[in-house]
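Computation of the quantities below employed the complete heavy-atom set of this structure, encompassing side-chain atoms and omitting hydrogens, waters and symmetry-equivalent molecules.
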Amino acid sequence: MSLIQAILIGLLSCCGASTIACLGTTVGNYTLNRPLVASLFVGLIMGDVSGVIQIGIPMQVMWIALVTPGGTVASDLRAVSFVGIPLAYVGAKAAGLDFGGEEAYGLSSSISAMTGVIGITLFYGTAMFNLIWQHYGWAQLDKGNLEVVGKVDTLFPLVSHFVLSFLPCTLLCYYGSGAVEQLFQNLTTDIWYVKAILTVGAVLPAVGIAILLKSVIDKTSDLVYFLFGFTLAASMELTLIGATCIGAVFALIKYEMAMAKLGSGPAAADDEEDI
């Protein structure tokens, strides 16, 4: 990876951060910061959109249920998307792995889990760094300097992002890519501990699906719909769009049945008596 590529990815990490002075929570954290979206832009920078997106897919599945309820940040995907994806791509390419194969999926998931720890460190590190500007702002307000409010809210936090987002991501991508490339060029996937890492990594996306199901399922019987969908996708080899269309049909049927049930309730009976 060239220095220019690392710098561009570092700038993307600043835009994808969930904290202020970037693109914010909606555009930054919940859109650009997600591995599947980030892999498109990283792929454009790396010159291989298809390969990088295939690396980003298992990472997206792994972190698909990540939300920030009540402001609690379980993990910041900044490092996952803008450090994990480039390093996983370089490693898979150096090892000669098929980007859409199981070994590449396991590698990307394993690297995703490791870089997720870096992301949460960067998030809270940035928040602590911004406290410096807040204390400075209060001191200036006590002196009657009202112009400092805009600087503390927008300008000064950019320095925090540069120090704790741009620099770490850029340096990790630039120097880490070379180390990962040398490692996987001389490392064979037939070694038992490499197989163990790839096998465990291949299971990690299932954790993301399990967390998602836990958050959206109200009763155990709802699992039947998910199992039915996976069965259709496996047996009929449906694409994501095809599975979505079939799911929309079943959702419409269930909605109409629920409305019909409500229409035949006590309120409907009273209306008929009035007529």
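Looking at every heavy atom in both residues, Gly56 comes nearest to Ile85 through CA-CD1, 4.3 Å. Residue Gly137 comes nearest to Val148 through the heavy atom pair O-CG1, 3.9 Å, listed as atom of the first residue, atom of the second, then distance. The two residues Ser81 and Pro86 have their closest heavy-atom pair at O-CD, 3.8 Å. Residue Val80 comes nearest to Thr115 through the heavy atom pair CA-OG1, 3.6 Å, listed as atom of the first residue, atom of the second, then distance. Contact between Met46 and Val52 at its shortest, heavy atoms only, is CB-CG2, 4.3 Å. Smallest separation of non-hydrogen atoms from Leu87 and Ser177: CD2-N, 3.5 Å.
There is no path of hydrophobic side-chain contacts, each under 4.5 Å, that joins Val224 to Ile246. Criterion: ILVMFWY side-chain heavy atoms under 4.5 Å apart, direct or through other members. Under it, Val249 and Met259 are not part of a common hydrophobic cluster. Cluster membership check: Ile4 shares its hydrophobic cluster with Phe82, using side-chain heavy-atom separations under 4.5 Å among Ile, Leu, Val, Met, Phe, Trp and Tyr. The cluster map of Ile, Leu, Val, Met, Phe, Trp and Tyr, joined by side-chain heavy atoms under 4.5 Å apart, puts Val159 and Trp138 in the same cluster. With hydrophobic clusters built from ILVMFWY side chains whose heavy atoms lie under 4.5 angstrom apart, Leu97 shares a cluster with Met114.
Of the possible polar contacts, one joining the Ser39 side chain to the Pro35 backbone as a donor-acceptor pair under 3.5 Å is found. In this structure, the side chain of Gln5 engages the main chain of Ser2 through a donor-acceptor pair within 3.5 Å. Looking only at distances, a side-chain donor or acceptor of Gln54 sits under 3.5 Å from a matching main-chain atom of Gly100.
Other residues, nucleotides and ligands contribute only 12 or fewer heavy atoms inside 6.0 Å of the CD1 atom of Ile241.
Taking CG from Asn130 and CG from Leu164, the interatomic distance works out to 9.0 Å, rounded to the nearest 0.5 Å.
Aromatic ring pairs are classed by plane angle as parallel below 30°, tilted from 30° to 60° and perpendicular above 60°; the pair Trp133 and Phe156 is tilted.
For the residue pair Thr126 / Ser160, no side-chain donor-acceptor distance below 3.5 Å is found, with atom types taken as modelled.
In this structure, the side chains of Met62 and Met59 stay at 4.5 Å or more apart for every pair of heavy atoms.
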Trace of the side chain to side chain contact (heavy atoms under 4.5 Å, CB included) decision for Asn145 with Glu147: CA-CA 6 Å; Asn145 182 12; Glu147 296 179 356; 3.7 Å; yes

